[in-house]
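The next block holds one structure in the form of structure tokens; read it before the comments.
Each residue takes its place number in the sequence, starting with 1.
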Amino acid sequence: MTRLQEQQSAQDVAAAWPDLVTAALLGTDRRPLATAPELLDQAALQAVQRRSGLRAGPAGAAAVAPAPEDPRPPLPEPAARRLAMLLPGPDASSGGSGSLANISELLPQYLTAAAGHGYRVPSALVPPLLDAARARSELRGDAAQLAGPLGRWLAERNPDWRYVLRTPLPGDSDQADERLWQEGLFAERVTHLTRLRRRDPAAARELLRTCWSTERAEDRLLFLDALQERLSAEDEPWLETVLSDRSKNVRLTAAELLSTLPGSALARRMAERARAAVRLTDTADGPRLTVHPPTACDAAMLRDGIPATSPTGRSERAFWLGEILAATPLETWRRDLGSPAEVLALPVSDTWAAELREAWSRAAVRQNDTGWARALLAGGPATGQAAGGAAKLLGVLPPLERAEWTAAYLDRHSLDAHSLGEAFQLLVACPAPWPEPLGRAVLRALARVADGGGYPWSHSGVLGVAERALAPESAGALDALAAGAGSAWAEMFTRLAATLRLRATMLAELAEPAAAVERL
């Protein structure tokens, strides 16, 4: 059977299944697709095809070799039943508590946890699992790992699941990695480069260098982003050559990477420009910062990744100043002016105060400087500071400190239309599961919104994050909130509580064998 015939056969099966269902519901006398016995025979044949995931082959074809054995332990029976409920499609179940919970939020967590335990899924669930991951790319890595050898065996015979063959798995050979780099889709090649960078930074840099001139500019840009992980002085010589790349965006990214290396030549050049632009001046009222931004963007600045024109709407001098300060090692200011808190406390004209703070915030994120991030966030986001900027600064802090800062922010602000986007971005910056103080602060904020007459669907982003990150122990508090809320909020709180309880149950089902071993 040719590939075209296989595809046509698959289309025939897909088209015929709804007809069979309609005929079964209406009766063969009203929908004369086939006689009753023929209808049952066709339904049985198509059910086998759908569940196995195999394409129909020609009659008399040679027997296909079976899939390789998978030595991993199977999912515990309760966990397997739970997966069947979570997976979409005609074979999925949706009864019980799952009818109240947000199933779509639970499936990614389930797959990640199951893959972490080293389980394999039952053979009957591999096709619906691969179908679910085909529709949601963020599931593909965990789905391919759980499907294991059987998943790859099926993917070799079903073009719908070809992504499995391009998904790297633990234990894959170097030859498989090479095939992925040469034949994979762009996102898969980026994933391969990122994983190689974590394992062998020099090998990843060399792989990128050898193909650099043949890649498209937009691809070179994202490949370059993969070098952020484990960036070191060994990357500097090649990145200096990329400063002459024909793509402006690639040059800018290379300059940004070099600026995160405090000892790089580019960082030293930026520090010289920064010291010329921002100086400590003694005045009658005491020391203060005076700012004299560049008056022109020369060729050296252009090569170091500073554009000649401002794309932000700010004046060009303000833009150039911001680019220089964001790329200057923060240690420069520690040596010259003092601690981050002391530098931020120095008086400066209103014209430049916000520009300096914004540029130092970018530098703190770029250089992962905890001291500067903490000082910039002290007392909450600065006036006019974008929520995204505060969230990025939060990402520099340790997870527990992020949660404490965000809890304090939520207690100071109501989740109205103005602060909704800010709260969402800050909560996303706090890794799940949230510690108890942050969880309580989120529930207090939601309670204030409900009491104030806000609509739950206006806060779907915050509620979605809460479904993933609230501790299951918060379910009881949500029940209490539901009891005192109006109908719309009561339904939302009840659904959120059901999601948390189901999440706790599914994780316990996955951990069941390990818990049994601990009891012994």
Gln367 side-chain N/O to Leu330 backbone N/O, donor-acceptor pair under 3.5 Å: yes
Nearest-0.5 Å distance, CZ of residue Phe493 to CG of residue Leu481: 5.0 Å
Residues that Asp479 engages under salt bridge (charged side-chain N to carboxylate O under 4.0 Å, His left out), provided they are two or more places apart: Arg501
Qualifying residue for side-chain contact (heavy atoms from CB on, under 4.5 Å) with Met492, from Pro456, Ser487, Ser460: Pro456
Salt bridge (charged side-chain N to carboxylate O under 4.0 Å, His left out): pairs with one or both residues in residues 393-407, sequence neighbours excluded: Arg374-Glu401
Heavy-atom side-chain proximity of Thr406 to Leu394 below 4.5 angstrom: yes
Test side-chain contact (heavy atoms from CB on, under 4.5 Å) applied to Leu438 and Leu410, step by step: CA-CA 9 Å; Leu438 178 55; Leu410 290 175; 4.1 Å; yes
Heavy-atom closest pair, residues Ala341 and Ala375: N-CB, 4.1 Å
Residue pairs involving residues 435-445 (criterion side chain to side chain donor-acceptor pair (under 3.5 Å); sequence neighbours excluded): Asp411-Arg444, Glu436-Arg440
Non-hydrogen side-chain atoms of Leu443 and Ser474 separated by less than 4.5 Å: yes
Pairwise side-chain contact, Leu400 with Pro398, heavy-atom cut-off 4.5 Å (strictly under): no
Interatomic spacing from CD in Gln228 to OG1 in Thr253 - rounded to 0.5 Å: 8.5 Å
Nearest atoms (heavy-atom pairs only) where Ala143 meets Ala133: CB-CB, 3.6 Å
side-chain contact (heavy atoms from CB on, under 4.5 Å) evaluation trace for Leu129 with Leu139: CA-CA 9 Å; Leu129 173 62; Leu139 305 178; over 6 Å; no
Asp70: partners by side-chain hydrogen bond (donor to acceptor under 3.5 Å, both in side chains), with sequence neighbours left out: Arg72
Distance (rounded to the nearest 0.5 Å) between Thr370 OG1 and Asn368 CG: 5.5 Å
Any side-chain heavy-atom pair of Leu377 and Leu397 under 4.5 Å: yes
Minimal non-hydrogen separation, Ala466 against Leu500, with atom names: O-CD2, 4.1 Å
Heavy-atom check, side chain of Trp405 versus side chain of Leu426, under 4.5 Å: yes
For the student: nearest non-hydrogen atoms of Pro437 and Ala407, plus distance: O-CB, 4.0 Å
Straight-line distance of Asp142 CG to Thr112 OG1, nearest 0.5 Å: 4.0 Å
Test item: Arg152 side-chain N/O and Gly148 main-chain N/O as donor-acceptor pair under 3.5 Å: no
Expected output: side-chain Arg197 to main-chain Pro201 donor-acceptor under 3.5 Å: yes
Listed partners of Arg140 passing side-chain hydrogen bond (donor to acceptor under 3.5 Å, both in side chains), at least two apart: none
Contacts of Glu229 that satisfy salt bridge (charged side-chain N to carboxylate O under 4.0 Å, His left out) - sequence neighbours left out: Arg198
Rounded distance [0.5 Å steps], CG in Leu111 versus CG in Leu86: 8.0 Å
N-O pairing of Glu509 and Arg81 below 4.0 Å: no
Any donor-acceptor pair under 3.5 Å from Tyr110 side chain to Arg82 backbone: no
Sub-4.5 Å side-chain heavy-atom contact between Asp131 and Trp161: yes
By side-chain hydrogen bond (donor to acceptor under 3.5 Å, both in side chains) - contacts of Glu358 (at least two apart): Arg362
Salt bridge (charged side-chain N to carboxylate O under 4.0 Å, His left out) partners for Arg220, two or more places apart: Asp245
Heavy-atom side-chain proximity of Trp489 to Tyr455 below 4.5 angstrom: no
Pro433 side chain near Arg468 side chain, heavy-atom distance below 4.5 Å: no
Any residue meeting side-chain hydrogen bond (donor to acceptor under 3.5 Å, both in side chains) with Ser339, in chain and number order, not counting sequence neighbours: Glu342
Nearest atoms (heavy-atom pairs only) where Leu427 meets Val462: CD1-CG1, 3.8 Å
Candidate pair Leu125 and Leu146, rule side-chain contact (heavy atoms from CB on, under 4.5 Å), full reasoning: CA-CA 10 Å; Leu125 293 180; Leu146 288 165; over 6 Å; no
Any donor-acceptor pair under 3.5 Å from Tyr119 side chain to Leu510 backbone: yes
Pairing residues for Leu356 by the side-chain contact (heavy atoms from CB on, under 4.5 Å) criterion, not counting sequence neighbours: Val278, Leu289, Val291, Leu321, Leu325, Val348, Trp360
Over 12 foreign heavy atoms within 6.0 Å of CD, Glu77: no
Val396/Arg366 under side-chain contact (heavy atoms from CB on, under 4.5 Å): CA gap, chis, key distance, verdict: CA-CA 9 Å; Val396 179; Arg366 190 180 295 184; over 6 Å; no
Trp434: partners by ring-ring contact (aromatic ring centres under 6.0 Å, His included), with sequence neighbours left out: none
Residues forming a ring-ring contact (aromatic ring centres under 6.0 Å, His included) with Phe223, sequence neighbours excluded: Trp181, Phe186
Glu138 versus Arg136, closest heavy-atom pair with distance: OE2-NE, 2.9 Å
Asn158 CG to Leu130 CG distance, which is reported to the nearest 0.5 Å: 8.5 Å
